[in-house]
Protein chains: 2
Amino acid sequence: MGRWEPDARGRLARVALELYAERGFEQTTVEDIAERAGVTERTFFRHFADKREVLFDGSGTLEHRLVDAIASAPAGLPPIEVIGRAFADAGAMLEERRDHARRRATVIAANPALQERELLKMAGLGSAATEALRARGVPDPAAALAAQAGVAVFGLGFERWVSGAPSTSLAAAIEGALVDLRAVVAS
Amino acid sequence: MGRWEPDARGRLARVALELYAERGFEQTTVEDIAERAGVTERTFFRHFADKREVLFDGSGTLEHRLVDAIASAPAGLPPIEVIGRAFADAGAMLEERRDHARRRATVIAANPALQERELLKMAGLGSAATEALRARGVPDPAAALAAQAGVAVFGLGFERWVSGAPSTSLAAAIEGALVDLRAVVAS
DNA sequence: TCAGGTGATGTCAGCAACTGTCATCAGGAC
DNA sequence: GTCCTGATGACAGTTGCTGACATCACCTGA
């Protein structure tokens, strides 16, 4: 243990979501967050690059899991299938935290600056997926297009999952969204 | 005419792209831009919401044209076809300014903060397209998925257009990208 | 056991993005 | 000619974010 309460980072992330939900993102200053978390503003910026990033701490883990799932998918599977399964698998990370995911999504939906960051993270997910597909030998532009289709399908699946009945799984919602995409693009 | 040089807005936009290209986005202050354009910093912020927005002045027009193209597409055309044609049509706006588009794309590619904004604009294009499709009677989730497919296809087409031979048209590149997407999703 | 290294934090000064407010001034309407 | 309007200037203030240096609990090795 350090000389202060442990897990300053975790506290900052929790407090930030709390305050963004209470007063809104713009009405919350970094000083507010730091104060409630019991640290200084400077410490906030040591843990998070900026005021938005504090809501996206788990995105690295998600990306890692996505890439792993793509790499370990059965050989010979069509790229779009690989992508569908990989996003469904990575999404399993969120299954147990549906409530947290919903609160977070609500905060993000309320602010364009946060939507920007989310879009950037999703694009990052897409780039990582593209690379992982290329590593499997999938040529361009199939790799990039399949990855982007995966991002879109993940987004739709996530929306349905957080706003739907608690019983349905995110994985199932993603697979369902892929079916819908096939229908639309094929027509 | 006002009491100052006319078209302060246009001058600011041109100068900003110039400086972002010369020194980079972060190394350019709003004061730099305002000074070279012959106005004050305050005037910059009267014309553009923030330092990034100055690069996205035409996005409203593009969105408008896209929506019009969707609304006026032949009845009975499958949504994905409507979208493909509409994005190709809207893209025609850029055809004559390929060089400008390339310079702009280079600047954006060099800075994550600008990429964020571009992603937000693209997402806005997607939302507008979704709405326009719904207005034609296309149900969900087909409307949203077709629109997002359009955004992806536009992005790939644009990339190929700016980096390819000057002879190929953006519209053709977009149509080509849609063909590729079909192949990937159908497999 | 203690000297020094290490990592996380505090403190403080400072820049630049952005906003609110009020003053200024050319041109058009009446 | 007076009033109104729209665009701009001037200026003060808040906040996000960074750099530089100090502090201090803990660990490590002699």
Side-chain angles (χ1 to χ4, degrees), chain A residues 1-57 107-108 110-118 120-121, chain B residues 1-57 107-108 110-118 120-121:
Chain A
M1 325 285 157
R3 88 185 117 148
W4 305 269
E5 286 298 302
D7 195 25
R9 185 187 186 89
R11 253 157 40 229
L12 284 165
R14 277 187 294 276
V15 165
L17 177 58
E18 229 173 77
L19 288 176
Y20 292 170
E22 281 176 22
R23 335 179 170 165
F25 174 74
E26 286 175 353
Q27 284 64 48
T28 305
T29 70
V30 174
E31 199 184 345
D32 292 336
I33 302 170
E35 193 180 359
R36 195 183 281 194
V39 296
T40 63
E41 199 186 337
R42 194 65 183 85
T43 291
F44 177 95
F45 287 111
R46 285 209 180 85
H47 285 283
F48 305 101
D50 59 51
K51 200 185 158 189
R52 305 174 204 172
E53 198 64 19
V54 67
L55 287 185
F56 299 87
D57 209 21
V107 167
I108 292 174
N111 192 286
L114 293 173
Q115 291 165 39
E116 278 190 340
R117 183 55 51 84
E118 172 131 289
L120 190 68
K121 295 295 181 184
Chain B
M1 323 286 157
R3 88 186 117 150
W4 307 268
E5 287 299 302
D7 195 25
R9 186 187 185 89
R11 253 159 38 231
L12 284 166
R14 275 187 295 277
V15 165
L17 177 58
E18 227 173 79
L19 289 176
Y20 293 171
E22 279 175 23
R23 336 179 169 165
F25 174 74
E26 286 175 353
Q27 285 64 50
T28 305
T29 71
V30 173
E31 199 184 346
D32 292 336
I33 301 169
E35 193 180 359
R36 194 182 284 194
V39 295
T40 62
E41 199 186 335
R42 193 67 185 85
T43 291
F44 177 95
F45 287 110
R46 283 208 182 84
H47 285 283
F48 304 101
D50 59 49
K51 199 185 158 188
R52 305 173 204 173
E53 198 64 20
V54 68
L55 287 185
F56 299 87
D57 209 20
V107 167
I108 292 174
N111 191 287
L114 293 172
Q115 291 164 39
E116 276 189 341
R117 182 55 51 84
E118 171 131 289
L120 190 68
K121 296 294 181 185

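Protein chains get the first letters and strands the later ones, always in sequence-line order, with residue 1 at the start of each.
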Mind calculating the distance between [atom1] ([X]) and [atom2] ([N]) to the nearest angstrom?
| X | N | atom1 | atom2 | result |
| --- | --- | --- | --- | --- |
| A:Glu41 | C:dA8 | CD | C1' | 17 Å |
| B:Phe44 | D:dT8 | CZ | P | 13 Å |
| A:Arg11 | C:dA8 | CZ | C1' | 12 Å |
| A:Glu35 | C:dT11 | CD | C1' | 16 Å |
| B:Leu12 | C:dA17 | CG | P | 14 Å |
| A:Arg42 | D:dG19 | CZ | C1' | 7 Å |

task = With sequence neighbours excluded, tell me which residues meet ring pair (Phe, Tyr, Trp, His ring centres under 6.0 Å) with A:Phe45.
result =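 None.
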query: Who pairs with A:Phe48 by ring pair (Phe, Tyr, Trp, His ring centres under 6.0 Å), at least two apart in sequence or on another chain?
result: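 Here the qualifying residues are A:Phe44.
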Partners passing side-chain contact (heavy atoms from CB on, under 4.5 Å) against [X] (at least two apart in sequence or in another chain):
| X | result |
| --- | --- |
| B:Ala113 | B:Phe25, B:Arg52, B:Asn111 |
| A:Ala21 | A:Val107 |
| A:Ala8 | A:Arg11, A:Val39, A:His47 |
| B:Asp32 | B:Leu19, B:Arg23, B:Thr28, B:Thr29 |

Problem set entry | Short side-chain N/O contact to C:dG10 OP1/OP2 from A:Thr43, under 4.0 Å |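 So the side chain of A:Thr43 is within the cut-off, an N or O lying under 4.0 Å from OP1 or OP2 of C:dG10.
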- request: Establish, with yes or no, whether the OP1 or OP2 oxygen of D:dT8 is under 4.0 angstrom from a side-chain nitrogen or oxygen of B:Thr40.
  value: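 No.
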Check: Looking at DNA chain C, which of residues 45-53 of chain B put a heavy atom within less than 4.0 Å of it?
Finding: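 Of all residues in residues 45-53 of chain B, the ones placing a heavy atom under 4.0 Å from DNA chain C are B:Phe45, B:Arg46, B:Ala49, B:Asp50, B:Lys51.
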**Asked** What residues, two or more places apart in sequence or in another chain, satisfy side-chain hydrogen bond (donor to acceptor under 3.5 Å, both in side chains) together with A:Glu18?
**Response**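 Counting only residues at least two positions away or on another chain, A:Glu18 forms a side-chain hydrogen bond (donor to acceptor under 3.5 Å, both in side chains) with A:Arg36.
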> Is there a side-chain contact between A:Leu120 and A:Phe56, using heavy atoms and a 4.5 Å cut-off?
Replying inline: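 Heavy-atom side-chain distance check fails, nothing below 4.5 Å.
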Would you find more than 12 non-hydrogen atoms of other residues, nucleotides or ligands less than 6.0 Å from B:Glu31 atom CD?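 No, because the 6.0 Å sphere around CD of B:Glu31 holds 12 heavy atoms or fewer from other groups.
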Near DNA chain D, under 4.0 Å by heavy atom, which residues of residues 21-34 of chain B?
->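 The answer is none.
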